[in-house]
Amino acid sequence: MVDDATWERLRSAARAARELAYAPYSRHPVGAAALVDDGRIVTGSNVENASLGVTLCAECALVGDLVRTGRPGDRGRLIAFACVGPNPGPLLPCGRCRQLLFEHGGDDLLIDREGGPVPLSLLFPDGFSADHLP
Ligand code: THU
């Protein structure tokens with residue numbers, strides 16, 4: 001159970017991360033924050049590049065934060081995720097980032113969405129995972 005105060009904390013951390021975005025090309029800064037099962041809050045901002053196709057979404061940086069600050073052997077699982085762009089309300093992750101989040105949070109990861117959080121399985125059903133590898 002993720003309470004309202006925790007969601008507000010995540011949204012606030014996402015807004016702070018948005019301030020640190022590097023988005024000179026799109027002028028579309030994005031910030032993301034997530035609660036980890038060990039209590040950490042991890043964050044990320046988008047990082048663009050003159051070679052536009054290699055731009056990193058905020059979720060990429062967030063996953064980097066999760067892995068970098070976790071313990072080797074147990075990096076932690078994502079429990080709840082909030083993301084904000086320049087427009088009001090939550091920003092929903094792009095397709096590639098749904099795959100990234102799925103790796104570290106699975107079906108039950110809660111995603112902040114207009115009208116209330118939803119599990120990642122609703123946005124990304126039947127995700128590809130390590131279970132599908134030989
Ligand atoms: N962006 C993200 O950071 N996350 C998403 O899930 C969607 C898009 C960024 C990438 C790019 O820097 C800007 O938003 C415009 O697409």
Side-chain angles (χ1 to χ4, degrees):
M1 173 64 187
V2 180
D3 60 22
D4 288 349
T6 302
W7 280 112
E8 277 315 312
R9 241 178 104 202
L10 290 176
R11 292 176 192 129
S12 164
R15 286 193 294 271
R18 183 181 58 191
E19 296 302 309
L20 302 173
Y22 176 72
Y25 304 107
S26 72
R27 300 188 192 286
H28 189 271
V30 179
L35 175 67
V36 184
D37 63 356
D38 57 17
R40 272 178 295 153
I41 287 187
V42 291
T43 60
S45 320
N46 57 335
V47 180
E48 297 188 343
N49 190 280
S51 179
L52 302 174
V54 300
T55 283
L56 303 176
C57 285
E59 295 88 334
C60 301
L62 179 144
V63 167
D65 196 18
L66 174 76
V67 170
R68 183 176 49 78
T69 62
R71 285 187 316 227
D74 181 12
R75 306 306 179 130
R77 296 289 288 169
L78 300 174
I79 301 294
F81 170 89
C83 189
V84 292
N87 304 316
L91 182 150
L92 289 173
C94 75
R96 176 178 184 269
C97 290
R98 293 178 195 201
Q99 176 72 41
L100 279 179
L101 294 171
F102 183 66
E103 175 88 11
H104 298 281
D107 281 336
D108 297 333
L109 170 60
L110 292 171
I111 308 288
D112 196 22
R113 191 169 85 157
E114 203 76 58
V118 292
L120 181 57
S121 58
L122 196 93
L123 305 176
F124 190 66
D126 300 329
F128 182 80
S129 73
D131 297 342
H132 299 98
L133 295 174

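One-based numbering, in listed order, for ligands and for the atoms of each.
- Using a 4.5 Å heavy-atom threshold, the side chains of Cys60 and Arg96 count as touching.
- Remark: minimum distance from atom 9 (C) of ligand 1 to any protein heavy atom is reached at Asn46 ND2, 3.6 Å.
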| request: Evaluate the criterion side-chain contact (heavy atoms from CB on, under 4.5 Å) for residue pair Phe124 and Leu101; output intermediate values, then yes/no. | output: CA-CA 10 Å; Phe124 190 66; Leu101 294 171; over 6 Å; no

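- Checking side-chain atoms of Asn46 against main-chain N and O of Val30 turns up a donor-acceptor pair under 3.5 Å.
- Within the structure, the closest approach of Pro93 to ligand 1 falls below 4.0 Å when heavy atoms are considered.
- Nearest to atom 8 (C) of ligand 1 among the protein's heavy atoms is Cys57 SG, 3.9 Å.
- Among all protein heavy atoms, the one lying closest to atom 3 (O) of ligand 1 is Ala58 N, 2.9 Å.
- Side-chain atoms of Ser45 come within 3.5 Å of backbone N or O of Ala17 as a donor-acceptor pair.
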| request: With side-chain contact (heavy atoms from CB on, under 4.5 Å) as the test, would you mind laying out the steps for Leu91 and His28 before giving the verdict? | output: CA-CA 11 Å; Leu91 182 150; His28 189 271; 3.7 Å; yes

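- Looking from atom 11 (C) of ligand 1 to the surrounding protein, the closest heavy atom is Glu48 OE2, 3.3 Å.
- The single protein non-hydrogen atom nearest to atom 4 (N) of ligand 1 is Glu59 OE1, 2.9 Å, given as residue, atom name and distance.
- For atom 14 (O) of ligand 1, the closest heavy atom belonging to the protein is His28 ND1, 3.3 Å.
- No donor-acceptor distance shorter than 3.5 angstrom exists from the side chain of Arg75 to the backbone of Leu66, with no hydrogens or angles considered.
- Judged by distance alone, with hydrogens and angles left aside, the side-chain atoms of Arg113 form no donor-acceptor pair with the main-chain N or O of Leu92 at under 3.5 Å.
- Checking atom 16 (O) of ligand 1 against the protein gives no heavy-atom contact under 4.0 Å.
- Using a non-hydrogen distance threshold of 4.0 Å, Leu91 registers as a contact of ligand 1.
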